[in-house]
S.K.: 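Mind looking over this structure? Questions follow.
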Amino acid sequence: MNLHHLLKTRAGAGKPVRVVLIGAGKFGSMFLSQVPHTPGLEVPVIVDLDRDRAREACRTVGWDDARISATTFTDDGARAIAGGAFDVVVEATGNPAVGIRHARAAIAAGKHVVMVNVEADVLAGPLLAEEARKAGVVYSLAYGDQPALTAEMVDWARATGFRVVAAGKGTKYLPAYHDVTPEGVWQHYGLTAAEAQSAGMNPQMFNSFLDGTKSAIEMAAIANACTLDVPSEGLLFPPCGVDDLPHVMRPRDKGGVLEKSGIVEVVSSLERDGRPVFRDLRWGVYVVLEAPNDYAADCFRQYGLKTDASGRYAAMYKPYHLIGLELNISVLSAALRNEPTGQPRGFRGDVASVAKRNLRAGEMLDGEGGYTVWGKLMPASASLTAGALPIGLAHRVKLKNDVAHGAVVRWSDVEVDERNDTIKTRKAMEQAFSR
């Protein structure tokens, strides 16, 4: 609770926290909007493939001409990381291969890394975090995004002596969404294709939120950061409002839907027939906890917590998340406290590629949110045993075998370039963390 005080002290000493931002998309722009209002925080370098777009993003979020003129805009992330005095690299590209490369460059340069790029984190984050720890720098999940916010709630629950039964987030979900492609995505958001195009909305990116892939990626990140388990058959997405969290999100032998305690799960804001859930958690995060004794359970009742019928299970939740508007918390925590806002501590969850339709040998996979595959959460051990192709590597790879609709795509089903650095990194992570 002292980040603002620490930042004021640092600013008063003439040593502002300096950040290199890589990726000036929506998340990056939201972060940039807060910079002029945070004395002691500076972003002297912005890296983006489209430098003009990055400058325009700064204008859009309220930067004045003087601040823009004082900022270096470049498309060369490696050069930006290697040169200049700064504290933190924020990696916000969303590209797994690029994210891994930037993270390793930052670690080699002795800089902290805030990994907005959760796709890269799930593909190789446990290895990157270990490399950062050995180098004496911070590798952190991005506060404002749901994995870091959930990790904070899990840490709160454990630090106060509660057992974590379940943790995760809410989303809009129906089973049919798994097969939705970018062509049909906008009807589920209540938009026409023309409206979405005029707003600059990327159909494949938005489809990754809808088809379950992003939920799987975020739950894998939470499982790996919080040493929580992953549902053995994938996410259930049970319909559940905030008042029912303690009742629904408890083990089956206690009357809930979970196969066991200590697991990640996503709750749906829609009933299976499409009706809205009462007091849904579509934009928020939650943790369900268990009272360790009768006295604590009595306190739940005395202080008004909603519990299940037994009084032993209760929930805490945050109804909203503000994405990049909250990213300062990660940046300042890394630079001023040398602490991450969540980081992988093991390899518990993985995200496998699953066919959206019958796929034929010779087809090219188009990755997260595309026309060919969606991402399914799996226990890491099960994914490795099955030889599942990670969703982060299902981009522009050719199938050499047919894959049936709903089946997991395996490494053996695709043409793999073993010389590829991203594949090498993933293989090294699997070897290091599957023991």
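Everything quoted here is computed from the prediction, not taken from an experiment.
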S.K.: For a quick test of reading the model, state the closest non-hydrogen atom pair linking Ala135 to Ile107 and the distance between them.
M.R.: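 Shortest heavy-atom contact: CB-CG2, 3.7 Å.
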
S.K.: Checking Asp145 side chain against Ala142 main chain: does a donor-acceptor pair fall under 3.5 Å?
M.R.: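 Not a single qualifying donor-acceptor pair exists.
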
S.K.: Run the side-chain contact (heavy atoms from CB on, under 4.5 Å) check on Ile68 and Phe73 step by step: do they pass?
M.R.: CA-CA 9 Å; Ile68 292 173; Phe73 294 86; 4.0 Å; yes

S.K.: Taking it one step at a time, do Arg59 and Glu56 satisfy salt bridge (charged side-chain N to carboxylate O under 4.0 Å, His left out)?
M.R.: CA-CA 5 Å; Arg59 292 189 184 93; Glu56 187 57 35; 3.6 Å; yes

S.K.: Is Asp244 paired with Arg279 through a side-chain N to carboxylate O contact shorter than 4.0 Å?
M.R.: no

S.K.: If I compare all heavy atoms of Ala129 with all of Tyr139, which pair ends up nearest, and what's the gap?
M.R.: CB-CD2, 3.8 Å

S.K.: Check for a donor-acceptor pair, side chain of Thr160 on one end and backbone N or O of Ala157 on the other, with a separation under 3.5 Å.
M.R.: yes

S.K.: Verify, without hydrogens or angle tests, whether Ser33 (side chain) and Met30 (backbone) share a donor-acceptor contact under 3.5 angstrom.
M.R.: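 Such a contact is found between Ser33 side chain and Met30 backbone.
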
S.K.: I'd like to check Asn358 versus Arg360 (side-chain heavy atoms, cut-off strictly below 4.5 Å). Are they in contact?
M.R.: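 With C-beta onward as the side chain, the pair touches.
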
S.K.: Over all heavy atoms of both residues, which pair between Ala120 and Pro96 is shortest? Give the atoms and the distance, please.
M.R.: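 What the structure gives for the nearest pair is CB-O, 3.6 Å.
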
S.K.: Check Asp280 with Arg282, please: is the shortest side-chain N to carboxylate O separation under 4.0 Å?
M.R.: no

S.K.: Take atom NE2 of His4 as the centre, draw a 6.0 Å sphere, and report whether it contains more than 12 heavy atoms from other residues, nucleotides or ligands.
M.R.: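 Atom NE2 in His4 is not packed in, count stays at 12 or less.
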
S.K.: Restricting to non-hydrogen atoms, name the atom on Leu174 and the atom on Arg272 that form the minimum distance, rounded to 0.1 Å.
M.R.: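 Answer, listing the atom of Leu174 first, then Arg272: CD2-O, 3.7 Å.
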
S.K.: May I ask you to check whether Asp211 and Thr213 show a side-chain donor-acceptor distance below 3.5 Å?
M.R.: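 Yes.
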
S.K.: Quick one: does His112's side chain have a donor or acceptor within less than 3.5 Å of a partner on Val138's backbone?
M.R.: yes

S.K.: Is the shortest heavy-atom distance from the side chain of Val403 to the side chain of Val408 under 4.5 Å?
M.R.: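 A side-chain contact under 4.5 Å is absent here.
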
S.K.: Could you check whether Asn117 and Glu91, counting side-chain N and O atoms only, form a donor-acceptor pair closer than 3.5 Å?
M.R.: yes

S.K.: Less than 4.5 Å apart, any side-chain heavy atom of Ser215 and any of Leu235?
M.R.: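 Side-chain contact under 4.5 Å: yes.
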
S.K.: Is the shortest distance from a Lys or Arg side-chain nitrogen in Glu130 or Arg133 to a carboxylate oxygen in the other one below 4.0 Å?
M.R.: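 Salt bridge: yes.
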
S.K.: Under the criterion side-chain contact (heavy atoms from CB on, under 4.5 Å), I'd like the reasoning laid out for Val114 against Leu327: C-alpha separation, chi angles, the key distance, then a yes or no.
M.R.: CA-CA 9 Å; Val114 174; Leu327 187 61; 3.8 Å; yes

S.K.: Is the shortest side-chain N to carboxylate O distance from Lys424 to Glu418 below 4.0 Å?
M.R.: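 Salt bridge: no.
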
S.K.: Under the 3.5 angstrom rule, does the side chain of Ser140 hit a backbone N or O of Thr341 as a donor-acceptor pair?
M.R.: yes

S.K.: Can you check whether Val288 reaches Val164 side chain to side chain, under 4.5 Å on heavy atoms?
M.R.: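 Val288 does not reach Val164 side chain to side chain.
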
S.K.: Just wondering, more than 12 heavy atoms not from Trp411 lying within 6.0 Å of its CH2?
M.R.: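 Atom CH2 in Trp411 is packed in, count exceeds 12.
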
S.K.: Which residue pairs pass the ring-ring contact (aromatic ring centres under 6.0 Å, His included) test with at least one member in residues 195-224, sequence neighbours excluded?
M.R.: Trp186-Phe206, Tyr189-Phe206

S.K.: Does any donor atom in the side chain of Thr425 or Arg104 lie under 3.5 Å from an acceptor atom in the other side chain?
M.R.: yes

S.K.: Salt bridge check, Asp48 against Arg53: does any charged N sit closer than 4.0 Å to a carboxylate O?
M.R.: yes

S.K.: If we count only N and O atoms by modelled type, under 3.5 Å, do the side chains of Ser383 and Asp350 hold a donor and an acceptor together?
M.R.: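 Distance-only check passes for Ser383 and Asp350.
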
S.K.: Salt-bridged, Lys318 to Glu326, with N to O below 4.0 Å?
M.R.: yes

S.K.: My understanding is that only residues two or more places apart in sequence, or in another chain, count here; which of them pass salt bridge (charged side-chain N to carboxylate O under 4.0 Å, His left out) with Arg337?
M.R.: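 Expected list: none.
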
S.K.: Looking only at heavy atoms, which two atoms of Ala24 and Ser29 are closest? And how far apart?
M.R.: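 Looks like O-OG, 3.3 Å.
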
S.K.: If you apply the rule side-chain contact (heavy atoms from CB on, under 4.5 Å), what do you find for Met364 with Val397, and how did you get there?
M.R.: CA-CA 5 Å; Met364 296 290 289; Val397 292; 5.9 Å; no

S.K.: When you measure from the centre of the six-membered ring of Tyr371, is the NZ or CZ of Lys356 closer than 6.0 Å and no more than 45° off the axis?
M.R.: no

S.K.: With salt bridge (charged side-chain N to carboxylate O under 4.0 Å, His left out) as the test, would you mind laying out the steps for Glu42 and Arg18 before giving the verdict?
M.R.: CA-CA 5 Å; Glu42 296 180 357; Arg18 292 165 61 85; 3.1 Å; yes

S.K.: What do you reckon, is NE2 of His5 surrounded by more than 12 foreign heavy atoms closer than 6.0 Å?
M.R.: no

S.K.: Any side-chain heavy atom of His102 within less than 4.5 Å of one from Ile81?
M.R.: yes

S.K.: Answer yes when Lys169 and Glu218 have at least one side-chain N-carboxylate O distance shorter than 4.0 Å, and no when they do not.
M.R.: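 Between Glu218 and Lys169 there is a salt bridge, with a charged N closer than 4.0 Å to a carboxylate O.
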
S.K.: Between Thr192 (side chain only) and Glu195 (backbone N and O only), is there a donor and an acceptor less than 3.5 Å apart?
M.R.: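 Yes, Thr192 side chain to Glu195 backbone: donor-acceptor pair under 3.5 Å.
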
S.K.: So, Asp179 and Arg357, do they make that salt bridge, N to O below 4.0 Å?
M.R.: no

S.K.: Please say whether more than 12 non-hydrogen atoms of neighbouring residues, nucleotides or ligands are located less than 6.0 Å from CD in Glu183.
M.R.: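 Incorrect, the count does not exceed 12.
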
S.K.: Just by distance, with hydrogens left out, do His178 and Tyr173 show a side-chain donor and acceptor under 3.5 Å apart?
M.R.: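 A pair is found: one side chain offers a donor N or O, the other an acceptor, under 3.5 Å apart.
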
S.K.: Within the distance-only criterion (no hydrogens, no angle test), does the side chain of Ser69 pair as donor or acceptor with the backbone N or O of Ala66 below 3.5 angstrom?
M.R.: no

S.K.: Under a 4.0 Å threshold between the charged nitrogen and the carboxylate oxygen, would Asp87 count as salt-bridged to Arg10?
M.R.: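 Salt bridge flag = yes for Asp87 with Arg10.
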
S.K.: Are the side chains of Lys111 and Phe86 in contact, using a 4.5 Å heavy-atom criterion?
M.R.: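 Side-chain contact under 4.5 Å: yes.
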
S.K.: For Cys240 versus Val277, what's the shortest heavy-atom pair and its separation?
M.R.: C-CG1, 3.5 Å

S.K.: Does Lys427, at its NZ atom, have more than 12 non-hydrogen atoms belonging to other residues, nucleotides or ligands within less than 6.0 Å?
M.R.: yes

S.K.: Please indicate whether Glu271 has more than 12 foreign heavy atoms, meaning atoms of other residues, nucleotides or ligands, lying under 6.0 Å from its CD.
M.R.: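 Yes, the 6.0 Å shell around CD holds more than 12 heavy atoms from other groups.
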
S.K.: Is Gln187 reaching over with its side chain to a backbone N or O of Gly184, donor-acceptor style, under 3.5 angstrom?
M.R.: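 Yes; at least one donor-acceptor contact below 3.5 Å.
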
